[in-house]
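For clarity, every value in this text was computed on a predicted model and none was experimentally measured.
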Protein chains: 2
Amino acid sequence: MTARMTRQRTAVVEALDELADFRSAQQLHEALRARGESVGLATVYRALQALAEASEVDVLRAEDGESLYRRCARREHHHHLVCRMCGRTVEIDGPTVEAWASKVAAAQGFDDIEHTIELWGTCADCRAAAH
Amino acid sequence: MTARMTRQRTAVVEALDELADFRSAQQLHEALRARGESVGLATVYRALQALAEASEVDVLRAEDGESLYRRCARREHHHHLVCRMCGRTVEIDGPTVEAWASKVAAAQGFDDIEHTIELWGTCADCRAAAH
DNA sequence: CGATCTTTGACAATCGTTCTCAACAAGCGT
DNA sequence: ACGCTTGTTGAGAACGATTGTCAAAGATCG
Ligand SMILES: [Zn+2]
Ligand SMILES: [Zn+2]
Ligand SMILES: [Zn+2]
Ligand SMILES: [Zn+2]
């Protein structure tokens with residue numbers, strides 16, 4: 001009933017901290033394997049899922065539908081500007097947008113409102129690399 | 001080289017118009033079958049893909065990753081407030097948000113900026129139905 | 001009508017993600 | 001340190017949405 005601390009779980013968290021940007025489960029699995037800290041793929045998925053439920057990591061969907069995970073600095077609600085190519089991420093605050101979203105939704109009689117606000121682009125480095 | 005008008009393609013467009021709200025490819029396929037206008041599932045996917053490329057339909061991803069399609073009234077850029085349960089959709093304009101999004105992204109040196117802004121909720125009818 | 005050339009559809013294949021379940025190991029009380 | 005209990009792991013199967021394959025069907029045009 002209590003969450004147990006295992007080698008695998010700490011390894012996943014370490015990999016997230018080390019990589020810093022939004023990464024897919026498979027990328028993390030590969031990174032762990034490369035470092036010698038082998039962890040089963042299913043276990044990586046389970047760890048990320050648990051971390052997401054505990055709000056320890058943020059999850060977002062890439063354009064192709066793959067889930068990307070990141071350990072953000074703030075625990076509070078925020079959004080992201082993400083590089084499509086390398087995953088580089090900037091955390092974004094949008095007080096105006098938050099207010100706008102809830103007002104618009106309420107005006108239409110909708111409940112249990114959630115919003116998805118993400119910005120995608122190509123970061124300066126990736127633009128340079130593409131020459 | 002030219003797009004041909006076929007029974008299947010017009011059937012898909014008709015189903016979209018009739019259903020009005022965001023629907024998955026499989027839901028549309030089922031709706032067509034129910035009406036007797038049988039169309040292959042792969043064909044439904046191909047038709048939706050073509051329509052999306054031509055900006056004739058909007059596509060968005062449900063929380064479970066499934067793609068949902070809708071024939072919106074406006075062709076111009078806009079966003080959506082969607083009922084999680086029944087797919088009921090309200091088209092949303094957000095001039096403030098548009099300005100905010102491009103300013104924030106540019107300030108970070110990102111290029112080719114796109115944004116995802118979608119609102120999810122439970123519509124009045126679905127809330128009532130859940131009694 | 002006939003030739004051309006896109007489109008269709010049943011089915012296989014892909015791919016991210018979840019499930020299964022026997023082997024394993026944390027945490028705990030002794 | 002030693003078992004017990006019970007959550008956790010991992011290899012592989014299963015899943016589900018989507019896409020690829022390719023021979024047969026049909027839209028368009030002269
Ligand atoms: Zn980049
Ligand atoms: Zn729309
Ligand atoms: Zn509803
Ligand atoms: Zn917009």
Side-chain angles (χ1 to χ4, degrees), chain A residues 1-16 19 21-54 56-70 82 84 87 118, chain B residues 1-16 19 21-54 56-70 82 84 87 118:
Chain A
M1 181 191 221
T2 352
R4 289 179 185 173
M5 191 63 59
T6 65
R7 170 181 68 79
Q8 292 87 340
R9 265 167 215 184
T10 57
V12 169
V13 172
E14 275 170 25
L16 279 165
L19 292 173
D21 293 318
F22 274 99
R23 301 292 176 207
S24 70
Q26 319 236 14
Q27 285 178 316
L28 289 165
H29 177 245
E30 187 46 47
L32 287 167
R33 161 153 313 188
R35 175 206 302 208
E37 277 275 7
S38 177
V39 177
L41 178 56
T43 302
V44 173
Y45 274 106
R46 281 184 293 236
L48 290 170
Q49 190 170 284
L51 288 166
E53 260 158 39
E56 288 277 332
V57 299
D58 283 10
V59 191
L60 61 82
R61 296 258 181 185
E63 293 173 355
D64 66 358
E66 202 173 10
S67 290
L68 304 178
Y69 305 85
R70 177 175 195 258
V82 186
R84 247 185 296 270
E118 304 297 341
Chain B
M1 181 192 224
T2 351
R4 289 180 185 173
M5 191 64 58
T6 64
R7 171 182 67 80
Q8 291 87 339
R9 264 167 215 184
T10 57
V12 169
V13 172
E14 275 170 26
L16 279 166
L19 292 172
D21 294 319
F22 273 100
R23 302 291 176 207
S24 70
Q26 319 238 12
Q27 285 178 316
L28 290 165
H29 177 245
E30 186 46 47
L32 288 167
R33 163 153 311 187
R35 174 206 302 209
E37 277 275 6
S38 178
V39 178
L41 179 56
T43 302
V44 173
Y45 274 106
R46 282 184 293 238
L48 290 170
Q49 189 170 285
L51 288 167
E53 260 158 39
E56 288 277 333
V57 298
D58 282 9
V59 191
L60 62 82
R61 296 260 182 182
E63 292 174 355
D64 67 359
E66 202 173 9
S67 289
L68 304 178
Y69 304 85
R70 177 175 194 257
V82 185
R84 247 185 297 270
E118 303 297 342

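- Checked against C:dT17, D:dT9, D:dT18, the side chain of A:R9 finds its nearest nucleotide in D:dT9.
- Two residues are said to be in side-chain contact when any heavy atoms from C-beta on lie closer than 4.5 Å; B:D21 and B:R70 meet this criterion.
- A 4.5 Å side-chain heavy-atom check between B:M5 and B:T10 finds at least one atom pair inside the cut-off.
- Residues A:L51 and A:L16 are in side-chain contact: their nearest non-hydrogen atoms beyond the backbone lie under 4.5 Å apart.
- A salt bridge does not link A:R61 with B:E63: none of the charged nitrogens is closer than 4.0 Å to a carboxylate oxygen.
- Proximity of A:Y45 to the phosphate of C:dT17: a side-chain N or O atom is located under 4.0 Å from OP1 or OP2.
- Distance CG (A:L32) to C1' (D:dT9): 14 Å, rounded to an integer number of Å.
- No side-chain heavy atom of A:L68 sits under 4.5 Å from any side-chain heavy atom of A:D58.
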Each nucleotide N or O in nucleotides 26-29 of chain D that has a protein N or O under 3.5 Å away: list the pair and distance.
unit_1, atom_1, unit_2, atom_2, d
D:dG26, N2, B:R4, NH1, 2.5
D:dA27, N3, B:R4, NH1, 3.3

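- The separation between B:L60 atom CG and D:dA17 atom P is 16 Å, rounded to whole Å.
- When the side-chain nitrogen and oxygen atoms of B:Q49 are compared with OP1 and OP2 of D:dT19, one or more of them lie within a distance under 4.0 Å.
- Nucleotides of DNA chain D nearest to A:R46 and B:G65 differ in position, and the one nearer the 5' end is that of A:R46.
- Rounded to whole angstrom, the span from the CZ atom of A:R61 across to the C1' atom of D:dT18 amounts to 14 Å.
- Atom CG in B:L41 sits about 9 Å away from atom C1' in D:dA17, given to the nearest Å.
- Here the closest non-hydrogen pair linking A:E37 and A:A11 is OE1-CB, 4.0 Å.
- Of all nucleotides listed (D:dT18, D:dG10, C:dG9), D:dG10 comes nearest to the side chain of A:A42.
- Side-chain atoms of A:S67 lie closest to C:dT17 of the nucleotides C:dT18, C:dT17, D:dT18.
- Between A:H29 atom NE2 and C:dT17 atom C1' the separation is 13 Å, expressed in whole Å.
- Nucleotide C:dC15 holds its C1' atom 9 Å from the CD atom of A:E66, rounded to whole Å.
- We find that CG of A:L48 is positioned 13 Å from C1' of C:dG16, with the value rounded to whole Å.
- The listed nucleotides are C:dC11, C:dT8, C:dT18; the one nearest the side chain of B:T43 is C:dT8.
- The distance between atom CG of A:L68 and atom C1' of C:dC15, rounded to the nearest whole Å, is 15 Å.
- Judged purely by atom type and a 3.5 angstrom limit, A:Q27 uses its side chain to pair as donor or acceptor with the backbone of A:S24.
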